[in-house]
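Take a look at the structure below.
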2 protein chains.
Amino acid sequence: MKTVQRADVDTFTAIAHPVRRQLLDLLANNEQSVSELASQFEVTRPAISQHLKVLLDAGLVSEQRHGRERIYSLKPAPLRELDAWLEAYRHLWEEWLDRLDEYLQELQTKETEHDED
Amino acid sequence: MKTVQRADVDTFTAIAHPVRRQLLDLLANNEQSVSELASQFEVTRPAISQHLKVLLDAGLVSEQRHGRERIYSLKPAPLRELDAWLEAYRHLWEEWLDRLDEYLQELQTKETEHDED
DNA sequence: TTGACAGGTAAGCCATTGCTAACGTATAAT
DNA sequence: ATTATACGTTAGCAATGGCTTACCTGTCAA
């Protein structure tokens, strides 16, 4: 099967830019045209077009032509790769929080002791 | 309280580079010195040092000096920000997968019908 | 058919990134 | 005291990224 050949941008790179994350956030609510999207940013429409291309190449959005408009919508599937990568760390930060918690409790105990002096 | 002032690198940028992700992956197993880490990459040690600085600035690793060695270890806490961002999308890709599943089943049904011709 | 609008794309610019080679500075070993 | 080791840092380079302006194409409206 051969779909339209695209540049194959990796997910991590795609979401690295704040504008692109905000684009995804906007599209998470509802699909929108390019101008509609662009109107919500400071940068020019071509800049948004370019960001959308990156997202398209990463498979994070799809476009649908309606007359002279192009409606972009979110395709969240590639984000699962990110989630999978994170998975390996999840238990680690939970451990980390537990240790922090222990430490804080210890600290509080010591302060109480100090108050009793 | 004033810790050492750092450049404040954002988490998304920090994990955008494959070498930096691999560094985190290595440190997830056990803390290691710079040379130890560098030996596992193609690029030179200074390059690894620079990547480690980015991770340090992002708060994703910490260093501990032991004689002339610096032992780096993982500090997974900032990854929670990523997890939080992803959270908003999790139900979306689940929906997406459900729809994909429905579509595939529908496809299979049609193929079976076709076989029966 | 002519004009307006949506939006992709190219050119050019500047800032940033990622790398290496070279150097500097602490600590450890002889 | 000298030398070796571990590592950060700097300078310089090529490549990339992100932006704008200008331009081009396709569609809708008058």
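These figures come from a predicted structure and were not determined experimentally. Every chain is numbered from 1 and lettered A, B, ... according to where its sequence line falls, protein lines coming before strand lines.
A salt bridge links A:Arg90 and A:Asp83; the closest N-O separation between the charged side-chain nitrogens and carboxylate oxygens is under 4.0 Å. At a threshold of 4.0 Å, the pair A:Asp57-A:Lys53 counts as salt-bridged, since one of the basic side-chain nitrogens sits closer than that to a carboxylate oxygen.
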Output a table of nitrogen or oxygen pairs between the protein and nucleotides 18-26 of chain C separated by less than 3.5 Å.
residue, atom, partner, partner atom, Å
C:dG18, OP2, B:Arg20, NH1, 3.2
C:dC19, OP2, B:His51, NE2, 2.4
C:dT20, OP2, B:Thr44, N, 3.0
C:dT20, OP2, B:Thr44, OG1, 2.5
C:dT20, O4, B:Gln50, NE2, 3.2

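Here CZ of B:Arg70 is found 13.0 Å from NE2 of B:His66. Values are rounded to the nearest 0.5 Å. Remark: B:Tyr72 OH to B:Leu37 CG distance equals 9.0 Å, nearest 0.5 Å. Atom CG in A:Leu23 sits 11.0 Å away from atom CG in A:Leu60 (nearest 0.5 Å). Atom NE2 of B:His51 sits about 11.5 Å away from atom CZ of B:Arg21, to the nearest 0.5 Å. With rounding to the nearest 0.5 angstrom, the CD1 atom of A:Ile48 is 10.0 Å from the CG atom of A:Leu55.
Atom CZ in B:Arg65 sits about 21 Å away from atom P in D:dT5, given to the nearest Å. Across the protein-nucleic acid pair, A:Arg21 atom CZ and D:dG18 atom P stand 12 Å apart, rounded to whole Å. Rounding to whole angstrom units, CD of residue A:Glu36 and P of C:dC5 are separated by 17 Å. The distance between atom CD of B:Glu69 and atom P of D:dG8, rounded to the nearest whole Å, is 11 Å. Rounded to an integer number of Å, the gap from A:Leu23 CG to D:dG18 C1' is 14 Å. With rounding to whole Å, A:Arg70 atom CZ is found 8 Å from C:dG7 atom P. Per the geometry, CD belonging to B:Glu63 stands 13 Å off P belonging to C:dT27, to the nearest Å. Here the P atom of nucleotide D:dG17 and the CG atom of A:Asp57 are 12 Å apart, to the nearest Å.
Contact record, A:Ala28 with A:Leu74: CA-CD2, 3.9 Å, taken as the closest heavy-atom pair.
Contacts of A:Phe41 with the nucleic acid, taken as non-hydrogen atoms under 4.0 Å apart, are absent.
One N or O on the side chain of A:Tyr89 and one on the backbone of B:Asp25 form a donor-acceptor pair closer than 3.5 Å.
One axis for each end of the helix from C:dT1-D:dA30 to C:dT30-D:dA1, each built from five base pairs, and the angle between them comes to 10° at 10° resolution.
A:Tyr72 has a side-chain polar atom (N or O) that falls below the 4.0 Å cut-off from OP1 or OP2 of C:dG8.
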